[in-house]
**Student:** 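This structure is in structure tokens; I'll ask about it shortly.
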Amino acid sequence: MALRTFKGGVHPRYNKDATYAKPIKSMPSPGKVVIPLHQHTGAPCEPIVKVGDEVKVGQKIGDSKASLTAPVHASVSGKVKAVMKHPQSSGVDGLSIVIESDGLDTQDESIRPRDNIENLSSEELIGILREAGIVGLGGAAFPTYFKLKPPAGKAFDTLLLNGAECEPYLSADHRLMVERPSDVAAGARLLMKAIGVEQAVIGVENNKPDAISALREAVRGDDRIEIVPLGVKYPQGAEKQLIWAILGREVPSGGLPVDVGVVVNNVGTAVAVKEAVIDSMPLVKRVVTVTGSCVREPGNLMVPIGTLVSDIIDACGGTQLPPKKVIIGGPMMGIAQYTTDIPVTKGTSGILLLSAKEVVVEEPLACIRCGKCVESCPMNLMPLWIAGYQEAGRFDDCERLGALDCIECGCCSFICPSRRRLVQGIRVAKAEIRARRNAGR
Amino acid sequence: MEGSGLIVSSSPHQHTTVSTPMIMSDVILALMPACLAGVWFFGLKALFMMAVCVGSAVITEAVLQKVSGRPVTVRDYSAAVTGLLLALVVPPDLPLWIGAIGSIFSIAIAKFTFGGLGQNIFNPALIGRAFLLASWPVFMTKWRWPIHEASWMPKFDAITTATPLVLMKYMNIKAPYANLFFGQVAGCIGETSALAILLGAAYLIYQGHISIRIPISFICTVAVVTALFGQDPLFHILAGGLLLGAFFMATDYVTSPVTPRGQIIYGIGCGVLVALIRLYGGYPEGVCYGILIMNAATALVERYTIPRKFGEVKKVA
């Protein structure tokens with residue numbers, strides 16, 4: 001039987017061999033952490049500790065009154081050394097709380113196994129997730145509690161968990177599914193309860209048979225949760241493509257998964273949900289894949305949020321080749337960095353160090369209209385036209401052609417034989433269209 | 001950070017290995033069976049024609065780019081492809097200097113004046129052929145015996161004969177399928193051997209450089225229309241330049257639609273035009289003009305076949 005998948009897409013080299021079989025290792029507590037107050041979609045947090053304060057693991061150190069936000073917590077115990085602007089993987093210098101670790105990792109008093117979990121209501125669950133600062137761990141870092149509340153007049157019928165992990169090089173989700181399948185399942189059940197559905201599907205790309213069988217074992221006897229192997233194709237894990245592949249439902253343009261009764265969460269997020277609810281441990285650490293030919297000992301590390309990338313690279317034996325590109329995330333959608341003096345945030349799924357050999361900067365050639373970008377676009381857009389109009393400054397035409405529907409997966413730029421910077425141009429167009437809309441308000 | 005030496009660029013950071021020069025050189029590779037068949041059936045003259053056409057195309061492009069102060073891009077092999085394709089669609093006895101002029105015209109007029117690679121509306125090689133046919137009609141319709149001749153062909157004199165389509169249209173003589181398939185017929189240098197063309201086409205499809213949408217819709221349409229008009233569809237598929245045109249000319253990226261549905265419409269359009277020209281036109285063969293006319297329609301076809309965006313809701317009237 002053909003595996004379920006989506007239309008379009010590309011087949012990049014997955015390059016996961018260096019890490020996919022490596023068990024998650026806990027990184028030794030770093031000497032200091034830098035915890036940005038804005039590492040999620042929504043409003044930045046305000047610091048609620050000050051320089052000199054003693055903090056413990058799991059203690060809330062930043063929060064906001066905004067409706068869309070996610071509080072941040074101390075990931076080590078120690079003393080607040082500074083509240084300052086610090087470079088961050090998004091490219092901006094964001095206000096951050098610097099904590100010097102005392103090396104003890106003393107947990108906050110509030111952290112103890114929660115009882116009465118069975119009796120928690122949907123609202124209580126969602127409230128716990130908000131307080132725990134849970135955001136989507138797949139990369140977008142969208143506050144999880146926010147998308148579990150359906151807008152008026154809409155309702156959920158299915159929970160999807162995203163275990164596709166279609167980004168090349170990354171294996172953090174893979175390892176979680178293999179090593180902690182029952183936590184994934186527990187998180188799924190809690191999320192189902194939070195949104196009031198009786199059906200959940202975990203989609204996993206078929207190149208992770210060990211994850212599929214581990215999850216199947218973990219949900220045995222619970223026929224509300226189904227594990228679905230998916231075709232191996234990028235971007236299988238893109239939200240709209242995942243929903244289409246698994247349920248055959250099409251999220252309307254400009255709409256959200258809730259419009260088709262679905263909420264999608266990453267499998268890593270499900271594990272964080274389990275920890276937040278059952279262990280009452282807020283989101284203070286995550287699994288990061290550290291890989292690329294420059295890394296001496298590639299692997300999957302459990303690291304405290306706020307650990308500096310340079311410290312993590314040291315924990316992986318340092319570099320064996322001088323890196324030419326440092327990427328936070330995967331090679332298809334990750335962000336290239338100018339420094340390793342940046343902290344891991346809740347959305348950091350991978351640290352990729354590429355050598356000069358892998359970083360070939362090719363000048364774009366003329367578009368030969370081969371149409372490969374059109375064929376590969378999972379959103380059925382015309383990348384060559386949108387990027388062309390962007391170059392010509394014709395943003396109305398970009399918008400008419402659906403620039404805002406672009407999910408920035410990068411298939412068009414990946415496949416372009418003339419190495420044209422298509423998705424890059426479309427990003428510019430999207431920013432410009434949004435800026436004009438805001439200006440017109 | 002200064003001195004870090006790190007490259008910062010927008011994602012994606014990984015690319016396919018397939019590049020434009022690689023595609024172009026693969027097209028040249030895919031044309032090799034047809035080139036070899038041309039030399040086998042028409043002798044070294046065919047090889048000289050290929051050399052002259054490729055050489056003049058590349059030199060023309062390089063000179064024009066140099067003179068106009070643009071970067072010289074002959075290393076993308078696109079000019080070489082144009083020159084080679086032109087050589088394959090002229091008669092074997094065409095004087096070499098005429099071939100050179102056709103090649104220069106292809107690059108200078110049909111490609112460069114439109115803005116170079118990717119900007120031309122019409123297939124440069126076919127424009128070159130159309131230009132030669134209009135300028136030197138006698139040379140362009142003089143057909144010679146293949147070296148490995150076939151006894152069924154009528155002899156007009158010691159060396160000349162006619163193409164299967166001419167024999168069919170005006171004398172009702174049908175070339176045997178085997179001769180058409182292997183290439184033992186009169187015709188342009190690279191169009192006679194269906195086998196050689198199909199080998200090359202299979203390579204391009206295998207490499208993913210061309211989709212089958214255009215060639216299959218093109219060829220099937222010719223078969224259907226000729227059959228509807230009481231002719232032998234298999235003969236029409238194998239005879240003349242249909243296979244070469246369908247797999248190597250109509251699939252030219254630049255001059256065919258980029259939209260999947262548009263490619264099918266375009267292929268059907270090519271097929272209808274070719275069949276009608278062959279059946280009712282003033283020429284026995286219509287592949288060149290059929291494709292050129294559809295080239296002109298490409299932008300229009302694209303405009304009406306923009307794919308439905310994922311998640312796009314049909315507007316309720």
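A, B, ... follow the sequence lines: proteins, then strands. Residue 1 opens every chain. Just the heavy atoms: all of them, side chains too, but no hydrogens, waters or symmetry mates, feed the values below. Since we're looking at a predicted model, the values are computed, not measured.
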**Student:** Taking everything shown except Arg400(A) itself, do over 12 heavy atoms lie less than 6.0 Å from its CZ?
**Tutor:** yes
**Student:** Is there a donor in the side chain of Tyr266(B) and an acceptor in the side chain of Asn295(B), or the other way round, less than 3.5 Å apart?
**Tutor:** yes
**Student:** Quick one: what part of Arg13(A) sits under 4.5 Å from any heavy atom of chain B, side chain, backbone, both or neither?
**Tutor:** both
**Student:** Out of Leu31(B), Val27(B), Leu29(B), which one pairs with Tyr203(B) under the side chain to side chain contact (heavy atoms under 4.5 Å, CB included) rule?
**Tutor:** Leu29(B)
**Student:** Below 4.5 Å from any heavy atom of chain B, which atoms of Val10(A) appear? Answer side chain, backbone, both or neither.
**Tutor:** neither
**Student:** Is it the backbone or the side chain of Pro257(B) that comes under 4.5 Å from a heavy atom of chain A, or both, or neither?
**Tutor:** backbone
**Student:** Please classify the contact between Pro378(A) and chain B as side chain, backbone, both or neither, with a heavy-atom cut-off of under 4.5 Å.
**Tutor:** backbone
**Student:** Do you know which of Cys412(A), Ala356(A), Gly410(A), Gly330(A) has the most heavy-atom pairs under 4.5 Å to chain B?
**Tutor:** Gly410(A)
**Student:** For chain B, which of Glu358(A), Lys372(A), Glu408(A) has the most heavy-atom pairs under 4.5 Å?
**Tutor:** Lys372(A)
**Student:** So for Glu302(B), is it side chain, backbone, both, or neither that comes closer than 4.5 Å to the heavy atoms of chain A?
**Tutor:** both
**Student:** For Cys367(A), is it the side chain, the backbone, both or neither that has a heavy atom under 4.5 Å from a heavy atom of chain B?
**Tutor:** backbone
**Student:** Please step through side chain to side chain donor-acceptor pair (under 3.5 Å) for the pair Arg420(A) and Thr20(B), ending with a clear verdict.
**Tutor:** CA-CA 11 Å; Arg420(A) 298 193 67 76; Thr20(B) 295; over 6 Å; no
**Student:** Between Ser355(A) and Lys325(A), do the side chains contain a donor N or O and an acceptor N or O under 3.5 Å apart?
**Tutor:** no
**Student:** Heavy-atom distances under 4.5 Å only: say whether Tyr169(A) touches chain B with side chain, backbone, both or neither.
**Tutor:** side chain
**Student:** Looking at Tyr77(B), I'd like to know if its OH atom is crowded, meaning that more than 12 non-hydrogen atoms belonging to other residues, nucleotides or ligands lie closer than 6.0 Å.
**Tutor:** no
**Student:** When you compare the side chains of Thr73(B) and Gln65(B), does any donor N or O come within less than 3.5 Å of an acceptor on the partner?
**Tutor:** yes
**Student:** If you draw a 6.0 Å radius around CD1 in Ile7(B), do more than 12 non-hydrogen atoms from other residues or ligands fall strictly inside?
**Tutor:** yes
**Student:** At a 4.5 Å cut-off on heavy atoms, which part of Ser78(B) comes close to chain A: side chain, backbone, both, or neither?
**Tutor:** neither
**Student:** Under a 3.5 Å cutoff, is there a donor and acceptor pairing between the side chains of Thr340(A) and Ser310(A)?
**Tutor:** no
**Student:** I'd like to know which of Val359(A), Leu352(A), Leu354(A), Ile327(A) tops the heavy-atom pair count under 4.5 Å against chain B.
**Tutor:** Ile327(A)
**Student:** With a 4.5 angstrom heavy-atom cut-off, is it the side chain or the backbone of Ile23(B) that approaches chain A, or both, or neither?
**Tutor:** side chain
**Student:** Counting only heavy atoms closer than 4.5 Å, note whether Asp259(A) contacts chain B via side chain, backbone, both or neither.
**Tutor:** neither
**Student:** With only heavy atoms counted, which part of Gln337(A) is less than 4.5 Å from chain B, the side chain, the backbone, both or neither?
**Tutor:** backbone
**Student:** Give me the ring orientation class for Phe122(B) and Phe114(B): parallel if the planes are under 30° apart, tilted from 30 to 60°, perpendicular past 60°.
**Tutor:** perpendicular
**Student:** Where on Met379(A) is there a heavy atom nearer than 4.5 Å to chain B: the side chain, the backbone, both, or neither?
**Tutor:** both
**Student:** Taking Cys409(A), Ser418(A), Cys416(A) one by one, which has the highest count of heavy-atom pairs under 4.5 Å against chain B?
**Tutor:** Ser418(A)
**Student:** For Lys324(A), is the NZ atom crowded, meaning more than 12 foreign heavy atoms sit under 6.0 Å from it?
**Tutor:** no
**Student:** Can you tell which part of Lys240(A) gets under 4.5 Å to a heavy atom of chain B, answering side chain, backbone, both or neither?
**Tutor:** both
